[in-house]
Enquirer: 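Structure provided below as structure tokens; questions to follow.
Numbered from 1 within each chain, the chains take letters A, B, ... in sequence-line order. When reading the values below, keep in mind they use all heavy atoms of this one structure, side chains included, and skip hydrogens, waters and symmetry mates.
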2 protein chains.
Amino acid sequence: MPESVTHTAGGAVRSSRVEARKADARRRILEAAREVVTEHGFAAAQVAVVASVADVATGSIYRHFPSKASLFSEMLRDVCRRELEVVRAVAAEEGRTATERIGDAVATFVDRALRGEGLAYAVIAEPMDPDVDQVRLEARAGLAQAFAELIENGVTAEEFPAQDARIRGAAIVGAFLEAVVAPLAERVTRPLDRAAVSAEVARFCQQAVAGAALTSTPDARIRVIHGGQS
Amino acid sequence: MPESVTHTAGGAVRSSRVEARKADARRRILEAAREVVTEHGFAAAQVAVVASVADVATGSIYRHFPSKASLFSEMLRDVCRRELEVVRAVAAEEGRTATERIGDAVATFVDRALRGEGLAYAVIAEPMDPDVDQVRLEARAGLAQAFAELIENGVTAEEFPAQDARIRGAAIVGAFLEAVVAPLAERVTRPLDRAAVSAEVARFCQQAVAGAALTSTPDARIRVIHGGQS
DNA sequence: ACCCGAAATGAATATTGGTTCAGTACTGAA
DNA sequence: TTCAGTACTGAACCAATATTCATTTCGGGT
């Protein structure tokens, strides 16, 4: 038995080799979807185009995903999950004050997003489909939650004044997402200085939660975490 | 000559009465568009539906607007212009510090937006069409500009520390828009307390720009300005 | 070699909804 | 009352594109 096999309903078998091939096609399709969106936005993301980039037939897409919306939802969910992980990783670093964590998390997110311009714009702002939009909302909620937790920590540690962590978490997310999108929208006008934007936004968010308690204004450090950017 | 007339190309005339009727139909169509979007979002906003609500035939829409996108763009532009005017009006009040102005402007916007839930959500977040999206971007830019000016004032008056007014203006807009959308997205979960949300967001924005300089934290006042809400 | 079922293919189909336009109803002046 | 011009109507049209499915190719067991 040189090849591991699975038995299907009809009594037939399927070698792990073809399983792997199938899984690979699926991966290629997701990859292609991301590529197309990054390059030309959701507007250009027809099923046929994605198929051709992934080097499979149009119909094959439907062998892996029940619908176009589900394909793009999954793609977007992956991208967003990765960004959330990065943010949480930066925020989790030991031995830093809540202020520092928030600054670093914001700066890192903004910097990464500004690197991957096309995808970031599409993910944050470009209209697509209600299903896909839902993913966007969930991603925002996830980020807001992460920041709300950081704020709670700061309040508990008496580093920040009392405040509604939930609302301010959302406000932080809105602030930095807008700071990413706004420059991208006018990137023709002025070349953008990633470091300057992310530092400024990070400071903004720190002050917003620390308020008068923030005496020194530490520069946020951007943690470059490798892996696909968004 | 009991009726003022205009001469058309063919030498014919058009009474002011029919002009008025035509203008009225146009107004009704815009109104209907807003109504449909407020009630059911852009997703349900087909030309045929708008026509039926406005009580005209589908084709008549095209007698007043060259395309669906232009109809909705105009509708959205109107709504956004009004909100921007309100914000600027609140911000322009005499004898107040920059901090107070910013707080009031933010609180007023958020409160108004939370009143007109449906429209606010659609205007801020719901995907539609690239043309319409452009209007959204412009509206955001307009708001950002208004806040950037307030920040400049504050910096000039040495009320705020030096900062990049352009970036922070955008961040403020992002912060309060998100604070509007996020609660709307989960409004099933918890009933929303408009006053609490707007006060919290206003405080957030004030701290974000004033930072350590903000010793007392004055409550922002919500100016209720009458007129269609968004 | 041959066969069976799974997987891939891509041209054909279905759907959706914006836009058009031939016909009809009005309007106001002569 | 008639007529020319204009506005209105809404069913038919059409483009775009997501989805289907009859056919072909492939993999591996006999």
Enquirer: Expressed in angstrom and rounded to an integer, what is the separation of B:Arg26 atom CZ from D:dA7 atom C1'?
Expert: 16 Å
Enquirer: Could you go through A:Arg88 and A:Glu149, starting from their C-alpha distance and side-chain angles, then the distance that decides it, and tell me whether this counts as salt bridge (charged side-chain N to carboxylate O under 4.0 Å, His left out)?
Expert: CA-CA 10 Å; A:Arg88 293 203 104 111; A:Glu149 286 166 20; 2.5 Å; yes
Enquirer: Nearest of C:dA8, C:dG10, D:dA7 to any side-chain atom of B:Arg63?
Expert: D:dA7
Enquirer: Would you kindly give the CD1-to-C1' distance between B:Ile29 and D:dA7, to the nearest whole Å?
Expert: 12 Å
Enquirer: What's the CG-C1' distance between A:Asp24 and C:dA7, to the nearest Å?
Expert: 14 Å
Enquirer: Mind checking ring pair (Phe, Tyr, Trp, His ring centres under 6.0 Å) for B:Phe204 and listing every partner two or more places apart, or none if nothing turns up?
Expert: none
Enquirer: Find the distance A:Phe65:CZ to D:dA18:P and express it as a whole number of Å.
Expert: 15 Å
Enquirer: In this structure, how many angstroms lie between the C1' atom of D:dG27 and the NZ atom of A:Lys22, rounded?
Expert: 14 Å
Enquirer: Would you mind reading off the distance between B:Asp129 atom CG and D:dA16 atom P, rounded to a whole angstrom?
Expert: 15 Å
Enquirer: Which whole-number value in Å describes the distance from A:Ile61 CD1 to D:dT20 P?
Expert: 14 Å
Enquirer: Per the end-axis method with five pairs at each terminus, what is the bend angle of the helix from C:dA1-D:dT30 to C:dA30-D:dT1, to 10°?
Expert: 10°
Enquirer: Would you say A:Arg21 places a side-chain N or O within less than 4.0 Å of OP1 or OP2 belonging to D:dC26?
Expert: no
Enquirer: Is any side-chain heavy atom of A:Val56 closer than 4.5 Å to one of A:Arg28?
Expert: yes
Enquirer: Hey, could you give me the CG/CG distance between A:Asp104 and A:Asp111, rounded to the nearest 0.5 Å?
Expert: 12.0 Å
Enquirer: Between the side chains of A:Arg101 and A:Glu93, is the shortest nitrogen-to-carboxylate-oxygen separation below 4.0 Å, so that they form an ion pair?
Expert: no
Enquirer: Compare all side-chain heavy atoms of B:Val86 with those of B:Phe109 and state whether any distance is below 4.5 angstrom.
Expert: no
Enquirer: How many Å lie between CZ on A:Phe42 and P on D:dT17, as a whole number?
Expert: 16 Å
Enquirer: Show your working on salt bridge (charged side-chain N to carboxylate O under 4.0 Å, His left out) between A:Asp164 and A:Arg168 and close with a plain yes or no.
Expert: CA-CA 6 Å; A:Asp164 184 324; A:Arg168 298 215 185 188; over 6 Å; no
Enquirer: Take B:Arg77 and B:Ser73 through the side chain to side chain contact (heavy atoms under 4.5 Å, CB included) test and state the conclusion after the steps.
Expert: CA-CA 6 Å; B:Arg77 194 151 30 228; B:Ser73 291; 3.9 Å; yes
Enquirer: Step by step, would you call B:Arg82 with B:Asp78 a salt bridge (charged side-chain N to carboxylate O under 4.0 Å, His left out)?
Expert: CA-CA 6 Å; B:Arg82 193 168 334 138; B:Asp78 286 353; over 6 Å; no
Enquirer: Show me the protein contacts with nucleotides 15-19 of chain C, counting only N or O atoms at under 3.5 Å.
Expert:
residue, atom, partner, partner atom, Å
C:dG18, OP1, B:Lys68, NZ, 2.4
C:dG18, OP2, B:Val47, N, 3.1
C:dT19, OP2, B:Tyr62, OH, 2.5
C:dT19, OP2, B:Lys68, N, 2.8
C:dT19, O5', B:Tyr62, OH, 3.4

